[in-house]
Student: 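Encoded as structure tokens, here's the structure I'll be asking about.
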Amino acid sequence: MVKLSVIVPFFNVQTFAPDTLRSLRANAREDFEFILVDDCSTDGTPALLERAGRELPGAVVLRHTVNGGLATARNTGLDAARGEYVTFLDGDDWLAPGHYGRLLAVIEELAVDFVRTDHVQCTGRARTVHRAPEGRRGVVLDPRSAILPAERSTSVDYPYAWAGVYHRRLLEEGLLHFTDGLRTAEDRPWIWRLHREARTFAVAGLLGVFYRRGVATSLTQIGDVRQLDFIRAFDQVIEETARDKDADALLPKAVRTYCAIISHHLSSVERFEPAVARTLRSMSASALRRMPAEPLKDALNSMDHDRAARLRRLRRRPALGHGSAVRAHPGGSNARGSDAGCSDAGCSHTAHPDTGRPGAGRGSGAVR
């Protein structure tokens with residue numbers, strides 16, 4: 001029996017993939033499988049994975065003939081996974097030796113649906129510890145209880161799929177797949193669904209994932225149209241949360257976070273190409289008009305004057321729909337995107353829902 005399936009998408013990461021693959025070898029066990037998904041790379045990555053398929057114990061190499069992006073590549077791995085437990089890694093990050101064995105011991109001891117962990121962010125030679133925003137460690141928790149309060153950073157603001165491990169029953173219940181085609185913020189709907197619908201989880205203070213940031217080809221630094229997928233991702237969060245039995249309690253959190261990330265993008269709009277910047281404004285205006293009225297009013301009233309005024313002005317402007325004239329470039333599965341581009345330290349991921357300050361994270365994109 002396969003105990004753990006590790007899903008690792010790769011796209012044009014020949015510079016970083018050797019570190020990733022060496023760290024997988026330092027985590028190998030006879031009951032682990034490593035599902036290496038090449039998302040139609042055009043550099044030397046396929047040759048590296050071909051070699052890993054021969055030399056890395058438990059390696060399974062899968063290849064896309066058409067580039068699909070990070071969400072789609074992860075789904076390819078999930079469809080092939082045979083393990084009792086599942087986890088993720090990105091093809092330019094790396095692990096501490098023996099990390100997966102320690103992580104597996106935690107989830108088996110606590111017998112929960114999933115476990116979340118801290119991680120180390122690496123920018124050049126700098127190392128920064130990022131903690132999962134949950135103070136209760138090593139105990140069984142209700143995932144829904146970790147969504148609120150709306151005005152604080154909570155577990156749904158820490159969406160990194162690779163910062164944890166997940167029982168196979170979540171896969172069989174349809175909770176682990178991502179929305180195909182999302183190029184950034186792909187794990188926002190994913191983490192919200194997980195916390196709304198899973199039964200138990202825990203947080204462990206393990207520091208075994210090293211998350212690489214600050215690469216020059218990052219989408220967060222390029223600022224192209226693929227970053228605008230954060231709007232589609234958060235629309236999905238709002239739509240699905242609105243159908244929840246506790247929608248009245250949960251929607252304020254979802255709306256507040258969405259507003260904070262729109263505001264963050266607008267505050268650094270100069271990094272986008274001019275046509276993309278215009279589309280960002282129009283699509284964001286349309287998104288604001290789609291949001292539930294009362295939660296939106298409360299979110300704007302809770303923000304500082306400048307951010308609230310910016311969003312109110314934006315809401316009144318004419319808007320294009322999602323069928324904007326700006327077309328996306330093809331995207332790669334291991335690219336760094338940004339939830340809203342929340343700075344290079346920011347995310348498919350975490351702008352603080354109250355302050356809008358960026359946290360650490362990434363989404364998908366095509367470049368890296």
Student: My understanding is that a hydrophobic cluster links ILVMFWY residues whose side chain heavy atoms are under 4.5 Å apart, including indirect links. Using that, what else belongs to the cluster containing Phe210?
Tutor: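 Via sub-4.5 Å side-chain contacts, Phe210 links to Trp94, Val120, Val129, Leu207.
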
Student: Judged by atom type as modelled, is there a donor-acceptor pair below 3.5 Å linking the side chain of Thr200 to the main-chain atoms of Val112?
Tutor: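 Not at all, since once roles are kept as given, no pair shorter than 3.5 Å links the two residues.
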
Student: For Ile191 and Ser155: C-alpha separation, side-chain torsions, deciding distance, then whether side-chain contact (heavy atoms from CB on, under 4.5 Å) applies.
Tutor: CA-CA 8 Å; Ile191 194 69; Ser155 291; over 6 Å; no

Student: Within a reach of under 6.0 Å around CD of Glu109, are more than 12 heavy atoms found that belong to other residues, nucleotides or ligands?
Tutor: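 At most 12 heavy atoms, drawn from other residues, nucleotides or ligands, come within 6.0 Å of this atom.
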
Student: What pairs with Arg131 under salt bridge (charged side-chain N to carboxylate O under 4.0 Å, His left out), at least two apart in sequence or on another chain?
Tutor: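 For Arg131, the residues satisfying salt bridge (charged side-chain N to carboxylate O under 4.0 Å, His left out) (neighbours in sequence not counted) are Asp118.
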
Student: Under a 4.5 Å cut-off applied to non-hydrogen side-chain atoms, are Ile238 and Arg290 in contact?
Tutor: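 They are not in side-chain contact.
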
Student: Carefully, step by step, assess Lys3 and Glu84 under the rule salt bridge (charged side-chain N to carboxylate O under 4.0 Å, His left out).
Tutor: CA-CA 5 Å; Lys3 178 64 71 171; Glu84 182 181 355; 2.9 Å; yes

Student: Using ring centroids (six-membered ring only for Trp), state whether His195 and Phe201 fall under 6.0 Å.
Tutor: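 Yes, the ring of Phe201 comes within the 6.0 Å limit of the ring of His195, centre to centre.
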
Student: Measure across Pro133 and Thr154 and return the closest heavy-atom pair with its distance rounded to 0.1 Å.
Tutor: CG-O, 3.1 Å

Student: Give the table of side-chain donor-acceptor pairs shorter than 3.5 Å for residues 53-60, with sequence neighbours excluded, one pair per line with atom names and distance.
Tutor:
| unit_1 | atom_1 | unit_2 | atom_2 | d |
| --- | --- | --- | --- | --- |
| Glu55 | OE1 | Arg51 | NE | 3.1 |
| Glu55 | OE2 | Arg51 | NE | 3.3 |

Student: Applying salt bridge (charged side-chain N to carboxylate O under 4.0 Å, His left out), can you list everything that pairs with Asp246, at least two apart in sequence or on another chain?
Tutor: Arg144

Student: With a sphere of 6.0 Å drawn around CD of Glu172, does it hold more than 12 non-hydrogen atoms of other residues, nucleotides or ligands?
Tutor: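 Result for CD/Glu172: enclosed.
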
Student: Could you tell me whether a side-chain N or O of Asp90 sits under 3.5 Å from a main-chain N or O of Asp93, the two making a donor and an acceptor?
Tutor: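 Not confirmed, Asp90 side chain does not pair with Asp93 backbone.
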
Student: Scan side-chain atoms only and decide if Asp39 and His64 contain a donor-acceptor pair under the 3.5 Å cut-off.
Tutor: yes

Student: Indicate whether the side chain of Thr72 and that of Asp180 have a donor and an acceptor atom separated by less than 3.5 Å.
Tutor: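 There is such a pair between these side chains.
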
Student: Taking Arg307 for its side chain and Cys259 for its backbone only, find out whether a donor-acceptor pair lies under 3.5 Å.
Tutor: no

Student: For Arg310, enumerate each residue passing the side chain to side chain donor-acceptor pair (under 3.5 Å) test, keeping only those at least two apart in sequence or located in another chain.
Tutor: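 Only Ser263 meet the side chain to side chain donor-acceptor pair (under 3.5 Å) criterion with Arg310.
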
Student: Residues two or more places apart in sequence or in another chain: which of them pass salt bridge (charged side-chain N to carboxylate O under 4.0 Å, His left out) with Arg82?
Tutor: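 Testing Arg82 for salt bridge (charged side-chain N to carboxylate O under 4.0 Å, His left out), a comparison that skips the adjacent residues, returns Glu33.
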
Student: Check for a donor-acceptor pair, side chain of Thr87 on one end and backbone N or O of Gly164 on the other, with a separation under 3.5 Å.
Tutor: yes

Student: If we ignore angles and hydrogens, is there a donor and acceptor under 3.5 Å between the side chains of Glu151 and Ser302?
Tutor: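 Checked: Glu151/Ser302 side chains show no N/O donor-acceptor pair below 3.5 Å.
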
Student: Name the orientation class of the two ring planes belonging to Phe230 and Tyr258 (parallel below 30°, tilted from 30 to 60°, perpendicular beyond 60°).
Tutor: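 Perpendicular: the ring planes of Phe230 and Tyr258 meet at over 60°.
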
Student: Give a yes or no on whether a salt bridge exists between Asp235 and Arg232, defined as a side-chain N under 4.0 angstrom from a carboxylate O.
Tutor: no

Student: Could you give me the CA-CA distance, side-chain angles and deciding distance for Phe11 and Leu70, then say whether side-chain contact (heavy atoms from CB on, under 4.5 Å) is met?
Tutor: CA-CA 9 Å; Phe11 176 73; Leu70 180 60; over 6 Å; no

